[in-house]
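The first residue of the sequence shown is numbered 1, and numbering continues consecutively from there.
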Amino acid sequence: WRGSLWRTTATGGSPRLLASPDSTQATQVFNWPFMLPGGEALVFDIVAAGNQADGQLAAMRLSDGKVIPLGITGRNPRYVSSGHLIFGQLTGTLSAVAFDPRSLRTSGPTGNVLDNVYIKGGGAAEYGVSEDGTLFYTTRNAEGQVLLVDHAGVSRVLLSERRGYSNLRFSPTSERIAFQMTDRSSFSKTDIWMYDERTRTVTRLTNDGKSTDPAWMSDGERLVWVNTDSLGRRIRRQRWNGSGTVETLLPDVHDVVEVEPSPVGSAMVVRRAGGFGDLYAADNESSPLRPLDVS
């Protein structure tokens with residue numbers, strides 16, 4: 001039932017299921033429902049869990065629960081009184097398209113409304129529209145520097161160029177930092193990079209635009225990360241300097257959101273798609289996953 005749409009009253013009570021992804025699309029997630037005028041239908045977006053870049057807009061009448069794809073790529077849709085749907089793009093652009101809330105159909109071309117809007121990691125666009133059509137938003141400021149701060153609060157700039165750095169991870173020896181960096185050509189493209197504290201140099205580990213969430217193996221020499229390919233989101237591993245072959249760990253697992261190796265040995269914890277994600281553990285890279293009981 002995770003990733004489904006539910007309804008309840010303003011005062012609470014038992015929720016009622018409105019719609020859930022088709023059983024053949026188990027990794028789909030329904031997001032950001034917005035009720036249309038009259039309260040009889042809504043719009044929302046559909047994504048494959050862990051793949052925020054490929055959201056598709058959809059609509060649904062509450063009377064029959066039938067999902068109606070709108071054929072538009074976007075996230076976080078909202079209807080405005082001018083007769084348009086406004087929705088976010090992971091590039092930081094708000095776009096709009098004419099929309100009939102009765103027929104639940106779009107018409108005409110899609111146009112850009114506003115650039116430089118902050119888009120959260122989960123795909124939500126930071127904007128709102130009042131009943132009189134006033135639009136407010138948070139500007140995108142995802143680029144910054146990388147600083148090293150010691151226990152006394154003294155900081156030192158490691159990477160001065162302002163870029164979209166995220167998920168910085170120190171190696172076990174603290175000699176290197178692996179991080180994820182967004183490509184300036186597209187918010188949805190990310191790769192894994194490496195900063196070597198000894199040489200003060202930056203090198204690129206991946207070059208596919210589909211690699212995220214780096215983490216160090218306990219030996220401090222190898223990295224694991226999540227890579228999206230035609231089969232889904234899988235775990236890759238390679239030496240920090242790019243030497244050797246790229247390995248695929250747990251090759252039968254295609255819905256990885258995040259992986260965290262043990263600080264000792266070769267065990268790992270994997271967060272898989274489904275709502276906020278379910279946790280699993282593996283004793284090593286070839287052992288089967290088992291559900292991790294955190295109750």
Check this for me, if you would: do Arg236 and Asp229 make a salt bridge, where the nitrogen-to-carboxylate-oxygen distance has to be below 4.0 angstrom? yes
Determine, using the 4.5 Å side-chain heavy-atom cutoff (strictly less than), whether Trp225 and Leu249 are members of one ILVMFWY cluster. no
To the nearest 0.5 angstrom, please state how far the CD atom of Gln145 sits from the CG atom of Leu159. 9.0 Å
List the steps, then state whether side-chain contact (heavy atoms from CB on, under 4.5 Å) holds for Tyr127 with Arg78. CA-CA 10 Å; Tyr127 77 103; Arg78 300 181 186 183; 3.4 Å; yes
Could you report the tightest heavy-atom contact between Pro263 and Ser218, atom names first, then the distance? O-CB, 3.2 Å
How long is the straight-line distance from CG of Leu85 back to CG of Leu36, given to the nearest 0.5 Å? 7.5 Å
Interatomic distance, CG@Leu231 vs CG@Asp255, rounded to 0.5 Å, equals 12.0 Å
Of all heavy-atom pairs linking Ala19 and Met60, the shortest is CB-SD, 3.4 Å
Pick out which of Trp240, Tyr165, Phe170, Tyr195 makes a ring pair (Phe, Tyr, Trp, His ring centres under 6.0 Å) with Phe179. Tyr165
Any donor and acceptor pair, going by atom type alone, linking the side chain of Thr206 with main-chain N or O of Ile192 inside 3.5 Å? yes
Closest approach of Ala215 to Arg169 (non-hydrogen atoms, all atoms of both residues): CB-NH1, 3.9 Å
Counting only N and O atoms by type, is there a donor-acceptor contact under 3.5 Å from the side chain of Gln180 to the main-chain atoms of Asp213? yes
Regarding Asp150 and Arg156, does a basic nitrogen lie under 4.0 Å from an acidic carboxylate oxygen? no
Any salt bridge linking Arg272 with Asp278? Criterion: basic side-chain nitrogen under 4.0 Å from a carboxylate oxygen. no
Can Val80 be reached from Val43 by stepping across I, L, V, M, F, W or Y side chains whose heavy atoms are under 4.5 Å apart? no
For Ser14 and Thr8 the tightest heavy-atom approach is O-OG1, 4.1 Å
Taking C-beta and beyond as the side chain, do Val253 and Ile235 meet within less than 4.5 Å on heavy atoms? no
Rounded to the nearest 0.5 Å, what separation is found between the CG atom of Leu135 and the CG atom of Leu94? 6.0 Å
Once rounded to the nearest 0.5 Å, what's the spacing between atom CZ of Arg222 and atom CH2 of Trp216? 11.5 Å
Give a yes or no on whether Arg204 atom CZ has more than 12 heavy-atom contacts from other residues, nucleotides or ligands under 6.0 Å away. yes
Looking at Thr201 and Asp196, would you say the former's side chain and the latter's main chain have a donor-acceptor pair under 3.5 Å? no
Do the non-hydrogen side-chain atoms of Asn241 and Thr203 ever get within less than 4.5 Å of each other? no
Spatial distance of atom OG (Ser211) from atom CZ (Arg233) [nearest 0.5 Å]: 9.5 Å
Give a yes or no answer on whether the side chain of Glu197 reaches the backbone of Ile177 with a donor-acceptor pair at less than 3.5 Å. no
Are Arg75 and Gln89 close enough that some pair of their side-chain heavy atoms sits under 4.5 Å apart? no
Walk me through whether Val97 and Leu70 qualify under side-chain contact (heavy atoms from CB on, under 4.5 Å). CA-CA 11 Å; Val97 64; Leu70 300 182; over 6 Å; no
Regarding Ser95 and Thr93, is there a side-chain donor-to-acceptor distance under 3.5 Å anywhere? no
Asp191 (side chain) donor-acceptor with Asp208 (main chain) under 3.5 angstrom: yes
Examine Leu104 and Leu62 and state if one hydrophobic cluster contains both, with Ile, Leu, Val, Met, Phe, Trp and Tyr joined whenever side-chain heavy atoms are less than 4.5 Å apart. no
Flag, side chain of His84 to backbone of Ser81, donor-acceptor distance under 3.5 Å: no
Counting C-beta onward and ignoring hydrogens, is there a side-chain heavy-atom pair between Met268 and Glu285 closer than 4.5 Å? yes
Working note: Phe87 + Asp45, criterion side-chain contact (heavy atoms from CB on, under 4.5 Å); need CA distance, chi angles, decisive distance, verdict. CA-CA 10 Å; Phe87 53 94; Asp45 69 47; over 6 Å; no
Which atom pair, heavy atoms only, marks the closest approach of Ile46 to Ala58? CD1-CB, 3.9 Å
Hydrophobic cluster membership, with links at side-chain heavy-atom distances under 4.5 Å among I/L/V/M/F/W/Y: are Phe30 and Phe34 in one? no
Is there a path of hydrophobic side-chain contacts, each under 4.5 Å between heavy atoms of I/L/V/M/F/W/Y residues, joining Trp193 to Leu205? no
More than 12 heavy atoms of other residues, nucleotides or ligands under 6.0 Å from CD of Glu40: is that the case? no
Would you please say whether a donor-acceptor pair under 3.5 Å links the side chains of Gln56 and Thr73? yes
Checking Met194 against Leu223 for the side-chain contact (heavy atoms from CB on, under 4.5 Å) test, could you report, in this order, the C-alpha distance in whole Å, the side-chain angles of both residues, the deciding distance, and whether it holds? CA-CA 10 Å; Met194 192 73 52; Leu223 280 169; 3.0 Å; yes
Which heavy atom in Arg61 sits nearest to a heavy atom in Arg102, and how many Å separate them? NH2-O, 2.7 Å
Close side-chain approach of Arg163 to Val146, heavy-atom, < 4.5 Å: no
Does Asn227 offer a backbone N or O that forms a donor-acceptor pair with the side chain of Arg234 under 3.5 Å? no
